[in-house]
> 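One structure is given below, represented as structure tokens, and several questions about it will come after.
Chain letters run A, B, ... following the sequence lines, proteins first, then strands; residues in each count from 1.
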Amino acid sequence: MSERLQELEDRTRFDPAEAEPRVLARWLDSGLFHAAPEGTAEQNYSIAIPPPNITGSLHMGHALNGSIQDTLIRYHRMSAAGSGSPAPQTKWILGTDHAGIATQAQVEKSLRKQGIDRHELGREEFTRRVWEWREHYGHTIVEQFKRLGASCDYEEERFTLDEDYHRAVVQVFVELYEQGCIYRDRYIVNWDPGTRSAISDLEVEEREETDTLYSIRYDLEGGGSVTIATVRPETLLADTAVAVNPHDERYRDLVGRTAVLPLVGRHLPVIADEYVKSDFGTGQLKVTPAHDPNDFEIGRRHELDQVSVVGEDGHMTAEAGERFAGLTVAAAQKAVVQALREEGRIVAEEPYRHSVPYSHRSGRRIEPLISLQWFMRMDELAAPAIEVVRSGAVRIVPDNHRRVYLEWMENIRPWCLSRQLWWGHRLPVYYCEVCGETHVAAEAPERCPSCGGDVRQDEDVLDTWFSSALWPFATLGWPKDTPELRAFYPTNVLSTARDILFLWVARMIMMGLRFTGRPPFQEVYIHSVIQAPDGRRMSKSLGTGIDPVHEIDKHGADAVRFGLLAMSSSQDVRYSAEKVQQGQALANKLFNATRFALLRIDDLNGNPARPGELASLPRTPTASTVEDRWILSRLRQVIADTAARIESYDFSHAALGLYDFVYAELCDWYLEIVKPRLAAATQTPDLELAATLLYILRATVALAHPIIPFVTEELWSYLRDGQDPDDREGLLAGARWPSVEGLKMDADAEIEMTRLIEAVTILRGWRNSVGARPGLIVAARLRAEGYESTGGALARLGRLELQDGDAGQIDGEAPIASVAIPGGTLEVLAADGLDLAAAEQRRAAAYAKLEGEIARVQGKLANAGFVEKAPADVVAGEREKLERLQGELEAL
RNA sequence: GGGCACGUAGCUCAGUGGGAGAGCGCUCGCUUCACACGCGAGAGGUCGGUGGUUCGAAACCACCCGUGCCCACCA
């Protein structure tokens with residue numbers, strides 16, 4: 001026995017903590033994960049990772065998506081191996097996102113702990129500190145992806161703020177500006193007082209809340225009054241009109257009159273606008289153009305004044321008047337209500353349930369306010385992006401997301417691009433200090449091109465998603481025409497969670513089409529969201545988060561990968577520790593099955609000390625026994641199923657199908673059946689069995705590799721024969737996907753084995769019910785058809801001593817019991833100490849059940865409707881079934 | 001308000017037109033010479049409800065009840 005096998009013999013269980021770091025190191029050293037920029041994207045396979053934030057650490061979503069992508073990548077890398085010369089390349093594009101707001105907030109927080117405010121440092125020093133922070137902490141998540149076994153191209157890690165990347169961003173901005181898509185406007189935006197920046201519509205989260213709806217009376221000049229309703233009385237200070245619906249008969253006379261704003265005394269015109277719903281409240285609406293998006297539109301239509309009373313810091317401005325200036329919005333609300341009450345202007349107060357906007361970033365309540373920002377018109381970019389999805393050039397899986405995408409795109413609105421932050425891509429916009437002209441250019445002008453005056457760059461940075469939108473091509477060197485771009489763009493699939501379908505996926509499609517003329521990927525796979533076991537959202541703040549790295553430490557990366565894939569489905573799922581356990585069990589099972597077989601093969605080989613011997617075994621198994629033919633037939637099936645399931649993103653069935661094959665077919669039946677052959681072979685070498693076993697194990701380990709790469713790689717180091725030219729670096733990660741060529745679908749073997757399995761199961765049940773201990777060998781006589789090749793296995797697995805003899809007696813003895821099995825019966829002869837009463841009970845129950853089934857089938861066949869209308873094969877099937885059941889009944 | 005899902009064994013989920021399944025948990029038995037993270041055998045289900053289509057419905061349709069998610073500018 002070789003030293004390695006000797007060592008294997010002592011390892012009775014697979015220890016991920018010990019093996020995984022070792023395997024990972026070999027992978028990283030091998031260079032196998034690096035894809036050479038050769039060939040075309042049509043030949044190659046590529047995926048661009050959704051770039052994790054540098055602030056992040058691996059959470060369940062990353063772990064699931066990492067498992068999904070790595071399964072795809074490894075499967076395709078293996079499929080490519082040996083498929084041509086040179087083999088197609090498989091690349092998983094890796095990188096991280098600078099994540100403007102999130103990162104800035106994180107670094108600000110850590111500075112604050114040291115008592116430093118970013119404004120003390122100034123912009124340049126602050127961004128320097130962020131870069132420093134990134135050097136220290138920004139790679140955590142990449143290291144964690146390695147723990148998961150993710151086979152990204154680590155040799156080329158991108159970052160959305162790299163110089164090259166920045167050039168791409170600037171070029172896109174400048175072009176879109178020159179084409180008139182990007183413009184600057186004073187517009188009402190979602191202002192986040194927490195980050196003190198504008199944010200986009202998509203970063204706003206609505207929450208249902210109960211507030212007080214106040215009805216407030218405004219006097220009209222010349223007598224009379226109007227009554228408006230509001231949940232935000234403090235914004236009344238910024239009212240510049242009162243509006244009614246033009247078709248509202250009640251208020252026709254009011255239009256054109258003037259209302260007097262309480263507390264302030266401002267004169268407000270009463271205007272007519274279609275927006276006002278006559279049937280809501282009093283049908284009279286206060287108009288606050290500076291603090292409500294709808295009122296802003298009304299204001300534009302009627303050229304109303306804009307009075308801003310809420311400032312960017314979330315406090316009331318000077319325009320709110322002396323009494324309120326400087327108060328927080330909440331305090332101002334109380335003060336305004338108090339003042340109105342004193343004046344007797346509050347007509348009614350009632351609780352009111354409505355949705356309130358909050359910042360997804362800071363958690364603070366959004367203050368709509370007017371601000372000078374950069375925007376991008378989207379309709380022109382959206383049109384082709386709608387078309388590619390509509391036509392199927394880009395396929396969204398599962399396809400119920402397709403409609404959601406299309407509907408959003410069809411109603412797309414301008415995108416607020418600028419953010420009042422320091423960390424990010426600074427806008428390539430320059431203003432002349434002298435003539436005030438705006439210049440948008442890739443290179444900063446030294447002086448104003450118009451008047452020669454000094455220029456200053458816009459202070460703002462771009463929304464992070466603007467740079468993310470370029471990810472699939474900016475990472476490959478665009479706008480230069482690089483070999484990388486030719487080899488890997490467009491990518492094959494984008495795998496991501498649903499929550500960034502609009503934020504990111506839609507924008508990548510738009511930008512990809514606009515700047516490369518092609519969609520950035522052919523398919524979008526939207527994976528599940530993993531919820532906490534109790535169905536709540538997994539989140540740190542709720543305390544419901546489960547740390548995948550911790551789970552990897554505990555159960556191994558294979559277990560976590562298997563578990564997550566097995567959990568995933570087309571909808572959200574709850575985290576299932578049991579599935580991870582199942583994965584761990586599978587890894588261990590496969591390890592032990594291989595270990596067992598290898599140690600026996602060493603014996604079979606007939607020669608203890610020649611490791612090369614295995615290599616000289618026949619490459620293709622010559623299956624001559626029924627169990628060999630059967631397992632190879634099943635192997636063919638599981639290889640084909642697994643491939644089809646991976647390719648159709650059906651990961652849970654890929655994982656569970658693999659589990660079933662390994663557990664049930666390979667271990668419970670095949671290995672159990674061949675054990676006597678293995679035992680016999682210790683005397684006489686059995687190279688045919690050795691070859692078959694090796695063949696099956698190599699194929700099984702290889703087909704499991706995309707899902708559980710670590711344990712399979714470890715096993716490959718024992719199984720590889722060193723002769724395969726495609727066995728790159730001696731690693732399974734570079735070996736080829738098992739072929740179904742040479743594997744036959746063997747229907748006869750499947751029928752025979754199914755019969756055997758059923759018979760053994762029935763027999764074991766019988767033994768259990770009569771209290772036959774495993775050690776007790778029961779003498780029996782087989783009176784059934786179809787066990788010509790499997791009788792030996794039946795005897796061994798059923799712990800029987802099969803005897804020949806005429807029906808009805810042996811040595812003058814009549815059978816003491818009979819057990820119905822497919823194709824006949826098994827007559828049990830003398831056996832002491834069996835609880836035959838229990839067996840009789842069991843038999844009676846089986847009999848009753850059979851009778852019931854027969855009655856049901858007979859009823860069906862007696863039904864004229866069924867016989868006439870059901871398909872012929874179904875009817876024939878029922879007839880056959882009836883016959884079989886009657887035979888079984890007879891036997892009982 | 002509009003849209004998309006989901007409701008199957010104690011738990012988490014498969015199954016989507018012809019004999020109710022898996023993993024875990026539970027019960028019983030087993031140190032059977034790979035694995036006790038193991039092996040074998042069991043118990044456990046009016047497939048949310050009602051009606052319809054069909055020879056036949058867990059599956060298809062309608063409505064109802066319950067749960068979740070997304071989108072949306074009614075103060």
Side-chain angles (χ1 to χ4, degrees), chain A residues 8-9 12-14 206 213 228-232 235 243 275-277 279-288 292-298 352 354-355 368 398 400-401 403-404 407-408 411 498-499 501-502 529 531 533 535 537 555 559 563 566-567 569-579 581-600 652-653 656 659-660 663 667-668 671-672 675 678-679 760-761 764-769 771-775 796-797 799 853 856-857 860 863-871 873-875 877-878 881 885:
Chain A
L8 182 63
E9 191 166 28
T12 56
R13 76 173 48 164
F14 177 66
E206 304 279 341
L213 181 68
I228 57 87
T230 181
V231 287
R232 301 209 50 197
T235 65
Y275 169 77
V276 185
K277 306 271 181 294
D279 55 359
F280 190 93
T282 58
Q284 299 167 336
L285 175 72
K286 79 195 249 311
V287 183
T288 320
D292 183 284
N294 301 307
D295 294 8
F296 179 83
E297 295 296 339
I298 297 173
Y352 186 69
H354 67 142
S355 57
N400 49 320
H401 295 290
R403 237 177 81 184
V404 179
E407 264 164 38
W408 186 78
N411 298 304
R498 194 183 47 228
D499 56 348
L501 183 62
F502 307 139
V529 173
Q531 299 167 335
R537 189 172 273 283
H555 304 283
M567 276 172 236
S569 90
S570 59
Q571 67 240 4
D572 293 353
V573 291
R574 295 174 187 210
Y575 184 78
S576 158
E578 290 79 16
K579 288 281 192 297
Q581 210 88 36
Q582 202 178 344
Q584 192 178 352
L586 174 64
N588 191 55
K589 191 76 173 175
L590 193 56
F591 181 83
N592 271 296
T594 307
R595 169 172 159 270
F596 168 65
L598 279 175
L599 291 167
R600 288 294 172 281
S652 70
H653 289 106
L656 294 170
Y659 177 93
D660 274 345
Y663 257 78
C667 293
D668 290 348
L671 288 182
E672 289 304 324
K675 273 179 181 176
L678 291 168
V760 169
T761 305
R764 283 169 173 168
W766 178 83
R767 288 185 61 106
N768 229 285
S769 69
R773 302 261 147 177
R796 200 184 101 77
L797 298 177
R799 314 211 133 236
E853 275 185 53
R856 213 171 50 76
V857 177
K860 224 171 178 180
N863 181 342
F866 174 73
V867 181
E868 281 162 31
K869 295 189 182 171
D873 58 320
V874 173
V875 178
E878 291 293 318
K881 190 202 292 179
L885 291 174

> Using heavy-atom distances to pick each residue's nearest nucleotide on RNA chain B, tell me which of A/M567 and A/P871 is more 5'.
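Of the two residues, A/M567 wins.
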> Hey, which of these two, A/G765 or A/K869, hits RNA chain B nearer its 5' end, going by closest nucleotide?
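First, find each residue's nearest nucleotide; the 5'-ward one identifies A/G765.
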> Measure from the side chain of A/Y659, starting at C-beta and using heavy atoms only, and say which of B/C55, B/A41, B/G23 lies closest.
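Looking only at side-chain atoms, A/Y659 lies closest to B/G23.
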> To the nearest Å, give me how far apart CZ (A/F596) and P (B/C33) are.
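In whole Å, B/C33 P and A/F596 CZ are 11 Å from each other.
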> Please report the distance, rounded to the nearest Å, between CD in A/Q582 and P in B/G38.
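Nearest whole value for this atom pair: 11 Å.
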> Checking side-chain contact (heavy atoms from CB on, under 4.5 Å) for the pair A/R13/A/F591: CA distance, chi angles, key distance, verdict?
CA-CA 7 Å; A/R13 76 173 48 164; A/F591 181 83; 5.8 Å; no
> What is the base-pairing partner of B/C4, counting Watson-Crick and G-U wobble geometry with both distances under 3.5 Å?
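B/G68 is the nucleotide pairing with B/C4.
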> Does A/R13 have a side-chain nitrogen or oxygen under 4.0 Å from the phosphate oxygens OP1 or OP2 of B/C35?
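The answer is no; no side-chain N or O of A/R13 sits under 4.0 Å from OP1 or OP2.
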> Pairing check on B/U50: which nucleotide meets the Watson-Crick or G-U wobble criteria with it, both distances under 3.5 Å?
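B/A62 - that is the nucleotide pairing with B/U50, both distances being under 3.5 Å.
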> Just to be sure I understand the rule, does A/H653 reach a base, reach only the sugar-phosphate, or reach nothing, if contact means heavy atoms closer than 4.0 Å?
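Result for A/H653 = sugar-phosphate.
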> Which is true for A/V529 with a 4.0 Å heavy-atom rule: it touches a base, it touches only sugar-phosphate, or it touches nothing?
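It contacts nothing in the nucleic acid.
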> Ignoring the backbone of A/T761, work out which of B/A41, B/C6, B/C24 is nearest its side chain.
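Looking only at heavy atoms from C-beta outward on A/T761, the closest nucleotide is B/A41.
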> Have a look at A/E206 and say if it touches a base, only the backbone sugar-phosphate, or nothing, with a 4.0 Å heavy-atom cut-off.
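If one applies the 4.0 Å heavy-atom cut-off, A/E206 turns out to touch nothing in the nucleic acid.
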> Using the C1' atom on both, measure B/A72 against B/G1 and round to a whole Å.
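Approximately 8 Å lies between the C1' atom of B/A72 and that of B/G1.
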> With respect to the phosphate group of B/A34, does any side-chain polar atom (N or O) of A/R595 fall under 4.0 Å of OP1 or OP2?
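No, because none of the side-chain N or O atoms of A/R595 sits under 4.0 Å from OP1 or OP2 of B/A34.
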> Kindly point out which of B/C35, B/G40, B/C37 is positioned nearest to the side chain of A/Q584?
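Of the options given, the side chain of A/Q584 lies nearest B/C37.
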> Within the structure, does a side-chain N or O atom of A/K277 lie under 4.0 Å from either OP1 or OP2 of B/C74?
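Answer is no, no contact under 4.0 Å.
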> Distance criterion of 3.5 Å, no angle test: do you see the side chain of A/E672 paired donor-to-acceptor with the base of B/A34?
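Answer is yes: a donor-acceptor pair is held.
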> The side chain of A/N863 is closest to which nucleotide in this list: B/G40, B/C71, B/C55?
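Of all the options, the side chain of A/N863 is nearest to B/C55.
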> Should the pair A/H354 and A/Y352 be assigned to parallel (<30°), tilted (30 to 60°) or perpendicular (>60°) ring geometry?
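Plane angle between 30° and 60°, so tilted.
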> Take atom P in B/A43 and the same atom in B/U27, then report the distance between them in whole Å.
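Comparing P positions in B/A43 and B/U27 gives a spacing of 15 Å.
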> Between B/U54 and B/U12, how far apart are the two P atoms, rounded to whole Å?
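Per the computed distance, 37 Å lies between those P atoms.
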> Reckon A/F502 touches a base, only the sugar-phosphate, or nothing at all at heavy-atom distances under 4.0 Å?
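Sugar-phosphate only.
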> Counting any heavy atom closer than 4.0 Å, what does A/S570 reach on the DNA or RNA strands: base, sugar-phosphate only, or nothing?
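It contacts nothing in the nucleic acid.
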> Please report, rounded to the nearest Å, how far the C1' atom of B/C35 is from the CG atom of A/N588.
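Atom-to-atom, A/N588 to B/C35, this comes out as 6 Å.
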> When you measure from the centre of the six-membered ring of A/Y275, is the NZ or CZ of A/K277 closer than 6.0 Å and no more than 45° off the axis?
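Yes - A/K277 lies over the ring of A/Y275, closer than 6.0 Å to its centre and within 45° of its axis.
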> Within the 4.0 Å heavy-atom criterion, would you say A/F296 contacts the bases, only the backbone, or no part of the nucleic acid?
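The answer is nothing, as A/F296 stays clear of every strand by at least 4.0 Å.
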> Considering only NZ, NE, NH1 and NH2 on the basic side and carboxylate oxygens on the acidic side, decide whether A/E878 and A/K881 come within less than 4.0 Å.
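A/K881 and A/E878: salt-bridged.
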> Find out whether A/L285 and A/F280 are in side-chain contact, i.e. whether some heavy atom of one side chain is under 4.5 Å from a heavy atom of the other.
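A side-chain contact is absent here, since even the closest heavy-atom pair is not under 4.5 Å.
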> Per the atom types in the model, does the base of B/A34 pair as donor or acceptor with the side chain of A/K675 at under 3.5 Å?
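By the distance-only test, yes, there is a pair.
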> Taking the same atom, P, in B/G21 and in B/A58, what whole-Å distance lies between them?
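Between the two P atoms, the distance is 14 Å.
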> Using only side-chain N and O atoms of A/S569, determine if any of them is under 4.0 Å from OP1 or OP2 of B/C13.
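For B/C13, neither OP1 nor OP2 has a side-chain N or O of A/S569 closer than 4.0 Å.
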> Taking only the side-chain heavy atoms of A/T230 (C-beta and beyond), determine which of B/C69, B/A75, B/C33 contains the nearest atom.
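From the listed options, B/A75 comes nearest.
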> Does the side chain of A/R767 get closer than 4.0 angstrom to OP1 or OP2 of B/A41 through an N or O atom?
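No, because none of the side-chain N or O atoms of A/R767 sits under 4.0 Å from OP1 or OP2 of B/A41.
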> Starting at atom CZ of A/R799, determine the distance to atom P of B/U32, rounded to an integer number of angstrom.
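Answer to the nearest Å: 9 Å.
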> Quantified in whole Å, what is the C1' atom distance between nucleotide B/G17 and nucleotide B/A59?
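Straight-line distance between the two C1' atoms is 7 Å.
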> Checking contacts here: which listed nucleotide (B/C6, B/G19, B/A75) is nearest the side-chain heavy atoms of A/K881?
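The nucleotide sitting nearest to the side chain is B/G19.
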> side-chain contact (heavy atoms from CB on, under 4.5 Å), that's the test. Do A/R799 and A/R764 meet it? Break it down for me.
CA-CA 9 Å; A/R799 314 211 133 236; A/R764 283 169 173 168; over 6 Å; no
> For a 4.5 angstrom cut-off between non-hydrogen side-chain atoms, does A/L8 reach A/L598?
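Answer yes - side chains close enough.
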> Which one is paired to B/C26, where only Watson-Crick or G-U wobble pairs with both distances under 3.5 angstrom count?
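Here B/C26 is engaged in a pair, and the nucleotide opposite it is B/G42.
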> Whole Å only: how far is the CG atom of A/N592 from the C1' atom of B/A36?
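About 11 Å, once rounded to whole Å.
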> Would you indicate, yes or no, if B/C4 has its OP1 or OP2 atom less than 4.0 angstrom from a side-chain nitrogen or oxygen of A/R403?
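For A/R403, the contact criterion (side-chain N or O under 4.0 Å from OP1 or OP2 of B/C4) is met.
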> Between B/G18, B/A34, B/G19, which one does the side chain of A/E853 approach most closely?
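Of the candidates, B/G19 comes closest.
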> What's the closest nucleotide to the side chain of A/P774 if the choices are B/U32, B/C73, B/G40?
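Comparing B/U32, B/C73, B/G40 against the side chain of A/P774, the answer is B/U32.
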> For the P atoms, the ones on B/C39 and on B/G44, what distance do you get once it is rounded to whole angstrom?
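One P to the other, the span is 24 Å.
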> If we call it a pair only when both distances are under 3.5 Å in a Watson-Crick or G-U wobble match, what pairs with B/G56?
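Result: none.
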> Select base, sugar-phosphate, or nothing to describe what A/D668 touches, counting heavy atoms under 4.0 Å on all strands.
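Sugar-phosphate only.
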> Can you figure out which of B/G29, B/A75, B/C33 approaches the side chain of A/F280 most closely?
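Looking only at side-chain atoms, A/F280 lies closest to B/A75.
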> Under 3.5 Å, is there a donor on one side chain and an acceptor on the other for A/S652 and A/K579?
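On atom types as modelled, these side chains do not qualify, holding no pair under 3.5 Å.
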> What is the distance, rounded to the nearest whole Å, between atom CD of A/E868 and atom P of B/C55?
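It works out to 10 Å between those atoms.
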> Can you see if the side chain of A/Y352 gets near the phosphate of B/A75 - specifically, an N or O under 4.0 Å from OP1 or OP2?
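For A/Y352, the contact criterion (side-chain N or O under 4.0 Å from OP1 or OP2 of B/A75) is met.
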> Just checking A/G283: base, sugar-phosphate only, or nothing, at a heavy-atom cut-off of under 4.0 Å?
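Base, at least one base heavy atom under 4.0 Å.
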> Using side-chain heavy atoms (C-beta onward) and a distance below 4.5 Å, is A/R595 in contact with A/T12?
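They are in contact (side-chain heavy atoms under 4.5 Å apart), so the answer is yes.
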> If you measure from the P atom in B/A41 to the same atom in B/C70, how many Å do you get, rounded?
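It works out to 45 Å between them.
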> A/Q571 has an atom CD; how far is it from atom P of B/C70, in whole Å?
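In whole Å, B/C70 P lies 15 Å from A/Q571 CD.
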> Of the candidate nucleotides B/G19, B/C35, B/C70, which contains the atom at the shortest distance from the side chain of A/L885?
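Nearest to the side chain of A/L885 among the choices is B/G19.
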> Please determine, for B/C13, whether a Watson-Crick or G-U wobble partner exists with both distances under 3.5 Å, and give it or none.
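Check on B/C13: paired to B/G21, both distances under 3.5 Å.
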> Send over the distance from A/L590 CG to B/A34 P, rounded to a whole Å.
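For the pair A/L590 CG and B/A34 P, the rounded distance is 17 Å.
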> In whole Å, what separates the C1' atom of B/G45 from that of B/C26?
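It works out to 16 Å between them.
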> So which nucleotide does B/C73 pair with, by the Watson-Crick or G-U wobble rule with both distances under 3.5 Å?
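Answer to the pairing question: none, since B/C73 forms no Watson-Crick or G-U pair.
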> Taking the side chain as C-beta and beyond, is there a heavy-atom pair between A/Q582 and A/Y659 under 4.5 Å?
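When only atoms from C-beta onward are counted, A/Y659 and A/Q582 do touch, with a gap below 4.5 Å.
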